Peer 1: 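Dropping the structure in here first, questions after.
What you see is a predicted model, and the numbers here were worked out from it, not measured in a lab. One-based numbering along the sequence shown.
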Amino acid sequence: VLSCSCLSDLREDDVPPCTAENKPGIESQCNVLKSDKFKACHNLVKPEDFIQSCIYDMCQYDGMKSALCDIVQVYVDTCRNHGITIKWRNSTFCPLPCPTYSHYTDCVSTCPSTCNDIFASSLCEKTEDCTEGCECDDNYVLSNGKCVPLSNCGCRDDDNNYYSVSSLSVEQISGCKA
């Protein structure tokens, strides 16, 4: 017969390593989770624990904004798992940087159009699942992870093989269907 005994936890409670000067400002920033923007989720996901984690992390990392944005992201993801979608990012609050020729959207296609399949997003099976991210601007599609103009896409031959523009010779271009 095995028996287990645990040692008592003698550690001090974790107190956020804030200075008296920076704690009020950090608390104010983390309390954004109590704002009307997130109110639709408050009955399902209480913000208090997230706010405490936010305060701790921001104090730990000397007010680093990415700590705030990370906690807000986790809260929003938790809300989404409960069926509540919150549009919370904007150009000044936790902006999501997007590559050239793309933009942020709160609900990006799970199968974006690419040079290889320009109709992918319209033929994609629509699901309720939605995630934020970057999508290519109008008249741009993905090619090797970058948004490129549709005119820079290659073509397919009679056997449906795809060729990028850079790999094509003049003779091949004449035998391709765009």
Side-chain angles (χ1 to χ4, degrees), residues 29-30 32-47 50-51 53-54 57-58 61 64-178:
Q29 290 178 73
C30 292
V32 70
L33 288 174
K34 290 182 180 175
S35 72
D36 286 347
K37 186 176 283 199
F38 303 95
K39 192 175 187 174
C41 191
H42 288 168
N43 289 334
L44 293 169
V45 181
K46 303 287 182 221
F50 293 88
I51 291 169
S53 294
C54 175
D57 288 357
M58 284 192 74
Y61 298 107
M64 195 164 69
K65 283 277 194 227
S66 62
L68 168 66
C69 297
D70 289 347
I71 293 293
V72 173
Q73 179 68 63
V74 171
Y75 184 78
V76 168
D77 289 345
T78 304
C79 292
R80 184 177 288 126
N81 291 340
H82 285 83
I84 306 291
T85 300
I86 299 171
K87 187 171 180 156
W88 63 282
R89 290 186 193 268
N90 61 41
S91 60
T92 58
F93 185 72
C94 300
L96 190 68
C98 290
T100 309
Y101 308 118
S102 68
H103 59 276
Y104 169 80
T105 181
D106 57 332
C107 187
V108 72
S109 172
T110 53
C111 36
S113 296
T114 64
C115 276
N116 193 29
D117 187 357
I118 60 171
F119 301 110
S121 61
S122 59
L123 300 174
C124 184
E125 187 176 313
K126 302 290 185 230
T127 65
E128 294 299 312
D129 293 337
C130 190
T131 188
E132 66 177 354
C134 299
E135 69 180 6
C136 293
D137 295 340
D138 287 346
N139 296 314
Y140 285 80
V141 294
L142 280 176
S143 179
N144 296 323
K146 294 179 181 164
C147 293
V148 300
L150 268 170
S151 58
N152 285 12
C153 288
C155 61
R156 295 184 176 281
D157 64 15
D158 291 333
D159 296 324
N160 208 29
N161 296 309
Y162 176 78
Y163 298 94
S164 65
V165 169
S166 60
S167 70
L168 294 172
S169 66
V170 175
E171 296 81 29
Q172 287 173 309
I173 291 172
S174 63
C176 269
K177 298 179 293 221

Peer 1: Might you point out which heavy atoms bring Ile86 and Val76 nearest each other, and give the distance in Å?
Peer 2: O-CG1, 3.9 Å
Peer 1: Would you check if Asp57 and Asp70 make a side-chain contact, meaning some heavy-atom pair closer than 4.5 Å?
Peer 2: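 Counting from C-beta outward, Asp57 and Asp70 never come under 4.5 Å.
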Peer 1: On a heavy-atom basis, which atom in Leu96 and which in Arg89 lie closest, and how many Å separate them?
Peer 2: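 Closest heavy-atom pair between Leu96 and Arg89: CB-CD, 4.0 Å.
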Peer 1: Any side-chain heavy atom of Cys30 sitting closer than 4.5 Å to one from Ile51?
Peer 2: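 They are in side-chain contact.
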Peer 1: Tell me if the OH atom of Tyr104 is crowded by more than 12 foreign heavy atoms within 6.0 Å.
Peer 2: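 Yes, the 6.0 Å shell around OH holds more than 12 heavy atoms from other groups.
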Peer 1: Taking the side chain from His42 and the backbone from Leu33, do they hold a donor-acceptor pair closer than 3.5 Å?
Peer 2: yes
Peer 1: More than 12 non-hydrogen atoms from neighbouring residues, nucleotides or ligands closer than 6.0 Å to CG on Asn144, yes or no?
Peer 2: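 Count not over threshold, so no.
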Peer 1: Looking at Leu68 and Cys54, what are the two nearest heavy atoms and their distance?
Peer 2: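 Here Leu68 and Cys54 meet closest at CD1-SG, 3.6 Å.
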Peer 1: Flag the pair His103 / Cys98 as yes when at least one side-chain heavy-atom distance between them is below 4.5 Å, and no otherwise.
Peer 2: no
Peer 1: Counting only N and O atoms by type, is there a donor-acceptor contact under 3.5 Å from the side chain of Tyr140 to the main-chain atoms of Thr100?
Peer 2: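 It does not hold such a pair.
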Peer 1: Under 6.0 Å from the CG atom of Asp138, do we count more than 12 heavy atoms belonging to anything else shown?
Peer 2: no
Peer 1: Report yes if some heavy atom in the side chain of Cys136 is under 4.5 Å from a heavy atom in the side chain of Leu142; otherwise report no.
Peer 2: yes
Peer 1: Looking at OG of Ser113 and CD of Glu135, how far apart are the two atoms once the value is rounded to the nearest 0.5 Å?
Peer 2: 9.5 Å
Peer 1: Yes or no on side chain to side chain contact (heavy atoms under 4.5 Å, CB included) for Asn152 and Ser143, after CA distance, side-chain angles and deciding distance?
Peer 2: CA-CA 9 Å; Asn152 285 12; Ser143 179; over 6 Å; no
Peer 1: Distance from Cys41 atom SG to Ile84 atom CD1, nearest 0.5 Å?
Peer 2: 6.0 Å
Peer 1: Under 4.5 Å between any side-chain heavy atoms of Lys87 and Glu132, yes or no?
Peer 2: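 Side chain of Lys87 against side chain of Glu132, heavy atoms only: no contact under 4.5 Å found.
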Peer 1: Could you label the plane-to-plane angle of the Trp88 and Phe38 rings as parallel, tilted or perpendicular, counting under 30° as parallel and over 60° as perpendicular?
Peer 2: tilted
Peer 1: Tell me whether Thr114 contacts the main-chain N or O of Asp117 through its side chain, where contact means a donor paired with an acceptor under 3.5 Å.
Peer 2: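 Yes, because the side chain of Thr114 sits within donor-acceptor range (under 3.5 Å) of the backbone of Asp117.
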Peer 1: Can you confirm whether Met58 sits close enough to Met64 that some side-chain heavy atom of one is under 4.5 Å from a side-chain heavy atom of the other?
Peer 2: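 SC-SC contact between Met58 and Met64 ruled out.
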Peer 1: Applying the side-chain contact (heavy atoms from CB on, under 4.5 Å) criterion to Cys134, which one of Cys147, Pro99, Pro112 satisfies it?
Peer 2: Pro99
Peer 1: Cys153 and Val141: which non-hydrogen atoms are nearest, and at how many Å?
Peer 2: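 It is SG-CG2, 3.4 Å.
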Peer 1: Take a 6.0 Å sphere around OH of Tyr61 and say whether it holds more than 12 heavy atoms from other residues, nucleotides or ligands.
Peer 2: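 Not buried by this count: 12 neighbours or fewer within 6.0 Å.
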Peer 1: If we ignore hydrogens and angles and just use 3.5 Å, is the side chain of Asn90 paired with the main-chain N or O of Phe93 as donor and acceptor?
Peer 2: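 Yes; at least one donor-acceptor contact below 3.5 Å.
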